[in-house]
Amino acid sequence: MAVRSISICGEAVLDLHALNNEGAEGNALMTRMVDIVDGQGELHTVNAISGDMLKHIQAEHLYHHSMENGLPLCGACRTFDANRICADEEFTKHPEFTKETPDSTILSAALHKCTLDDIEGILITSEIGKSRSIARKSCVEFGWAVGIPNATRTESYFHVKYVPEGRGKGSGAGENLGQNIFHRPASSGVYAIVLNMDPMRVGRNDISLDYTVDAAGRQARIKGLIESVLNTFVRLNGAHRNTQLPHLVDFRGAIVVSTSSLPAPSLSALNPEYREQLAETCKNLNRLRDQASLTMTTFDNLSEFSGQMADLATRSDLAE
Ligand SMILES: [Zn+2]
């Protein structure tokens, strides 16, 4: 039974991080704050880490995995170029592509050539025979990591760049010269995490719905995807890690795996009963099939999460 979809919902306890900032006002760095509504309909403003940041971290882990394990990468992704295959001239200027070449053929060629374009998604807007706009939807989706109200705080800390020669002579012109003072945020809290993976879409053309990549290739790419999601929590990359490496204190939650067209359900940890609700939902959805196709496991710490993800990544039936 091939693994078709996976959802992970959880709570990460993360202390003293500044992973995600939205810019500076004067000499104060501002962290990302978002408005959310809890299960009782109450509005809260909380610190958050964007899904873009989390996905960037995961993509970087997948890049390293692909390089190490010889999974195919296009010329641009070999240097982790954010433009992906659109910046690979060997692809965009391929002599076999003319203005008559169907979009589905170009998309198949892109998926075949590159694991990152396949799994992370891409909008191919390059001039390939003619102007085109071919969308490849990502096979992995991250929501914001959002602070649970009353369990998340952000404070601002004062820093000085100490320069004995330039003491008192900060230029004030925004240049990084002389002795400068600045304020930097640090946030601590419990963050609700939601993410989905769609292994069934790995290597599959979005237009023709045919598999472009063979089963062995898909198996290797799906393994890389699951491993990169695990590594996202093993090593959180992001901003200001040289002096504010986040303390990951705990990680608990649930993993749901679906081996049928029933989607792996997802419920945010902003709802304190999310694990009980998810277990009941899986039970109810499983009644819709002769054979149970949804499996849910819960984890109470990083070691349990890593064990369950390693079990999942090393399944032999990921692709078929
Ligand atoms: Zn690529």
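These values consider heavy atoms only, across backbone and side chains, with no hydrogens, waters or symmetry-generated copies. This structure is a prediction, so every number in the text was calculated from the model and none was measured. Counting begins at 1 with the first residue of the sequence. Just follow the structure's listing: the first ligand is 1, and inside any ligand the first atom is 1.
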### Message
For the residue pair Glu120 / Ser138, report whether a side-chain donor-acceptor contact shorter than 3.5 Å exists.
### Response
no

### Query
List-wise, which protein N, O or S atoms are found short of 2.8 Å from the Zn ion (ligand 1)?
Cys74 SG, Cys77 SG, Cys114 SG, Asp117 OD2

### Query
Going by distance alone, is a donor N or O of one side chain under 3.5 Å from an acceptor N or O of the other, for Ser303 and Asn301?
yes

### Query
Using the benzene-type ring in the case of Trp, are the ring centres of His56 and Phe142 under 6.0 Å apart?
no

### Message
With a 6.0 Å cut-off on the ring centroids, do His112 and Phe91 count as close?
### Response
no

### No-hydrogen, no-angle side-chain donor-acceptor test under 3.5 Å, Ser7 and Asn196
no

### Task
Run the ring-centre check on Phe97 versus His94 and record whether the distance is less than 6.0 Å.
yes

